Structures are given as structure tokens and as C-alpha cells.
Amino acid sequence: MTLRLELRAAPEVPVEADCITPDRLRQLPIAEIERLPVFYGNRQVPLAEVFTVSGAPGETIQLRGDMSRVKHIGATMSCGQIHIDGHAGAHLGAEMLGGTIVVSGNAGDWVGPEMRGGRIVIRGSAGHLAGSAYRGAAVGMTGGEIIIHGAARNEAGHGMRGGLIAIGGSCGDFAGVNMLAGTVTIFGAAGIRTGAGMKRGTIIAMQPLEVLPTFAYACEYRPSFLPLYLLHLRRLGLPVTDGQLSASYRRWCGDAVELNRGEILSPSI
Amino acid sequence: MQIGSTHIEDTFAEAFAMWGTRVVVTAAGPEWAQAAAQSMTGFATSVIGCKCEAGIERALAAQETPDGRPGASILLFAMDKAALGKRLVERIGQCVMTCPTTACFAGLDSGHDTSIGGKLRYFGDGYQMSKKIGDRRYWRIPVMDGEFLVQDRFGMQPAVGGGNLILCGTDAGTAVAAAQAAVAAIRALPDVALPFPGGVVRSGSKVGSRYKGLPASTNDAFCPTLRSVAGATGLRPEVNCALEIVIDGLSEHAVRCAMAAGMQAAARPGLAAISAGNYGGNLGQYQIRLHSLLNGGAVP
């Protein structure tokens, strides 16, 4: 059973719609869903003023329209699926616990901040701070997967303590900054200061990158865990080549200004 | 009953409840995967003396393994869950982690599991790292050729040990050839392992001994040299050599299928009879009658 929400018109101001989760909507009648409050700018309005509601409430929610200004879709969701035909706004899947969100277009800043489980798939590109800690918090995502087929901007995986972020395209600066654990895989070019301040965790950079001087080169080898990740990502549609599966990888350990137990892996050329 | 000229004795194999698991070992090449598998399944013929029983189930192609490398599937059995966990830690630690380029994965999903990688990780002396994909955690233990990757938890399930066939030949050559054919047929089947050397045991045993402290001793009823001196013989007059095939499986069905396939493959001129080992039905939880396996009757 699929519940369909279609934007009546592209909003002129940000809309906050954290009620759009299968957890909240799956057992409500349509009339009650239409009455749920969302914020249109600073004005609270019923959801039906922003979306037309159709279909049958269940485990799946389908959203149509340019949601670039619709924030907090899928926040704290724990089950079910959300499909967004178009772009998604900021804070998509914030603090998510489980389930799946798929966005056919781009997503704004703060994709899956502090998420703990589930999977977010962005077919396009994502903004800043995917999988990150909120400002003032030390710990970002602790579990789950954020799969970005396009590019991501700065600070992807900031404070990350578990889970997987995969970026099919290029990545901005400070990927994995202050990372505590988890894995960030970047298939395109990485920006500067990748892994700055990381204590533990793994950053896999498929393109040559400028490694901070506080990371020390260790060796060139074939990490036996890497094929598991790469085959998993290939199944999810990311551009994993046979060469990346069989390559040797160079390993740098860091960040020496912190615990020095993190690593950056990059295929040797 | 007969299969061709081979008589099938009206008796049963007495099998026991055990706990079993499947381990998948991968390596950079099939030769290293086999080396680790052979090492891990070495000295694992009988729980009586080895604390566990194990065998290589089959070689795995690269596309069948979690990391896309060639591998081997191993079945390991012990009398209870705790013992099985201990044997896994010992054998993966000593036989797989030590072997160049290997990684080790659980090959069984079940409601019962135990921490293996989570115990072996301490070999990393604080430098070990964990990785989690979905619900599965893996441990990366730094070793001298890079890293040993081992899954955190391994599934285990109730299993059946001690299914068996005793092949009674008029001469040793025929008995050995029949045993080899039976082993080849059984090894083509899933979920079973043959723990003895080449899948065959010549020193079948009975429970107890005239010597104190020995839990088992030679199966005199099937020793042709003792036909005239032992109390009762299980051998027909024309039999001069008997060989046993012991089968452990992840289910009674798997053991029955293996026994049925083994009987069909072994039967031939010169193999006078196929019998089975039992203890009068007093010890084992499973009685697998040979006649029930004939004519497509493997499924209980």
C-alpha cells in the first residue's frame, strides 16, 4: 500500500514536514493525515494545504514535486520506505533509525544527520554535512547507510561514529572530519583536509588525494575487508570497477593530532 | 534386500544429536583456501579423541563467496554449542588466521550463534578494527601479510553425527574401490561432511573396552581376523575386508540422502554386503535403517 503526497505548488518559503514518516502516517486515515500540522515558513498549516494526499496509508510513502524547500522528510523514521520523485530539502532522514529513503534528484544539506540505522539513497547530489553531527554535538551518524550517487559537499561524515557513507562523485572539503568510526567511500575527487581530526574509522578515496601531514604512510596492501564493501556498493549501483576490487591500496594512519587510529586508503596507481 | 549382487543388511545406523556449523574460508587463490581448510579439518575425525569432527564440504568458486575470492566450505561438529564455539576459536585462530591471504566468514544463518571473531580480535593487541556491513560485524586483525578478516559471530544449528555405512568386501581392493566411489558420491551432496581420512575409516569402534578408562575399542564384530575368536561376527563368511564411512550432517535428511547415495555408488560385484554400525539402539537419538533408504526412500 502506497500513500501519495504531491506538492500543490513549489513552496516560496521552507516547509518543515517532520510528520512525513511511515511511522506516523501508516495507521492514520487520509482525513487525519490531511489535518497534520506542517510549518509553511513560520506559519503552521494543515498538510493538505501543501500536499494533495491520495492512495492508501501503509509502509510506503511516495512524494512528488520539487521538495528542495521541504525539510525534515523522514526524520526519526524507523521503518518503511519513502520515495521522492524529485529533489529533497535539508535534514532528510535526520536521526533516522531504520527503513529506506530514496531520492531520485538532489538532496539539500544535512542528509541523515545523526542517523542510527536504515538507508538513504540519493540518485543525484547532496549538500553539506551528510551524515554529520549537528553543531555543538560530537557524534554524527552511528549506523545505517547514506548512498550518494552524485557529488557531496563539505564535511560529509563529520563526527561519524558508525555506518557507511558512499559518494559516487566528488566530495567537498573536510570529508570525515573528527570521525570516530565508520566508513566513508569517495569515488570522485576529494577536497582538502580529508579526515582532519579523525580518531578512528576508514576513509576510502578512489582518486589521488592530498593527505594531511598529520597522517603517516604505512604500506601498500590489499585490505581483505574492502571487497565486502565494494561488492555491497556495486550491488547498490555505485560505479565500482574490477580494478578497484583487485587493486592494492596505500594506507595512511592518522590523524596524529588525535588518537591516530584512523586510516585513509587509496588505490595505488 | 539387494542392490545388484550386494546384500543390504537389515540393520540401522545409530546416529547422534550434535551441533554443527559451516565456515567459509577464502584466500587469494584456491590453493591457499584449500590449505587452510585442510589444516582446519585436520585431526577432527572423531569427538572421542579430537573433541570435534570436521570435513571440507566443497570448494567454492569466487562468485560464491562474500569477498569474491576462491574459497572452501567447511562443516564442523561438536557435542554441544559451547564445545563447538571453543573448537571454532581454536581452529580458526590456529589454522585459518595463520594461513597467508585468508579471510573467514560464517556460512550458516540460524537462530543460534556465538562470538568467534570477537574473541580472536584480541590477537590484534589493541590494533584490531571492526567493520559492520548491515547487521554483520567483521574484525580486521593486523597480521604480517596485511590483515586477517574474520566475521564476528558464527551461526550454529542442531545437527546429526555418526551416520554410517560399513562396506563389506570379499577382498580389500574391492572394498577400497567401493568406499572411494561412495565417498565421491557423498561429497557431491550438500550439508554433509566425511571426517575421516579420505572419507573412510578402517578402525571402526565399539563403545567401551576391557581396559579401564578407554571409552572405545576396536569393533571386533567387523574385524575379519577375529571372526573365529570374537563372540559374534557381523561379517558374512565370504567377507575379508570391511571399511566404514562416517557421515555427519546438518540435518537427518542430509545424512539419509548421503547414506542412500553412498550405498548406490558402493554396490558392485565383490562387495558382498553393506551393513551399518549401531549400539543396539541404546545410545543414539537417530536410527537410520538401511532398507528405508532404498528405492528412493531417503526422505524420512
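Everything numeric in this text was worked out from a predicted model, so none of it was measured. Chain naming here is simple, since letters A, B, ... match the order of the sequence lines and numbering starts at 1 in each.
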For this session: Would you please test Arg140(B) and Glu263(A) for side-chain contact (heavy atoms from CB on, under 4.5 Å) and show each step?
Result: CA-CA 13 Å; Arg140(B) 298 166 56 192; Glu263(A) 64 181 348; 2.5 Å; yes

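When heavy atoms are compared at a cutoff of 4.5 Å, Lys131(B) approaches chain A by way of both its backbone and its side chain. Contacts of Arg251(A) with chain B are made by side-chain atoms alone, with heavy-atom separations under 4.5 Å and no backbone atom involved.
Crowding of Arg193(A) atom CZ: a count of heavy atoms from other residues, nucleotides or ligands under 6.0 Å not exceeding 12. Surrounding OH of Tyr217(A) are more than 12 heavy atoms belonging to other residues, nucleotides or ligands, all under 6.0 Å away. Under a cut-off of 6.0 angstrom, the local environment of CD in Glu64(B) is crowded, with over 12 non-hydrogen atoms contributed by other residues, nucleotides or ligands. Counting non-hydrogen atoms of other residues, nucleotides and ligands closer than 6.0 Å to CZ of Arg153(B) gives a total above 12. For Phe123(B), the CZ atom sits in a loose shell: 12 or fewer heavy atoms of surrounding residues, nucleotides or ligands are nearer than 6.0 Å. The number of heavy atoms from other shown groups lying within 6.0 Å of CD (Glu210(A)) does not exceed 12.
Each of Pro66(B), Gly134(B), Gly68(B) has some count of heavy-atom pairs under 4.5 Å with chain A, and the biggest count is that of Pro66(B). When each of Arg69(B), Lys132(B), Met129(B), Arg136(B) is checked for heavy-atom pairs under 4.5 Å with chain A, Met129(B) comes out on top.
Using non-hydrogen atoms only and a strict 4.5 Å limit, the part of residues 160-186 of chain A facing chain B consists of Gly182(A), Thr183(A). Contacts between residues 226-248 of chain A and chain B, defined by a heavy-atom separation under 4.5 Å, are made by Pro227(A), Leu228(A), Tyr229(A), Leu231(A), His232(A).
The minimum heavy-atom distance between Ser224(A) and Phe148(B), with the atom names listed, is OG-C, 4.4 Å.
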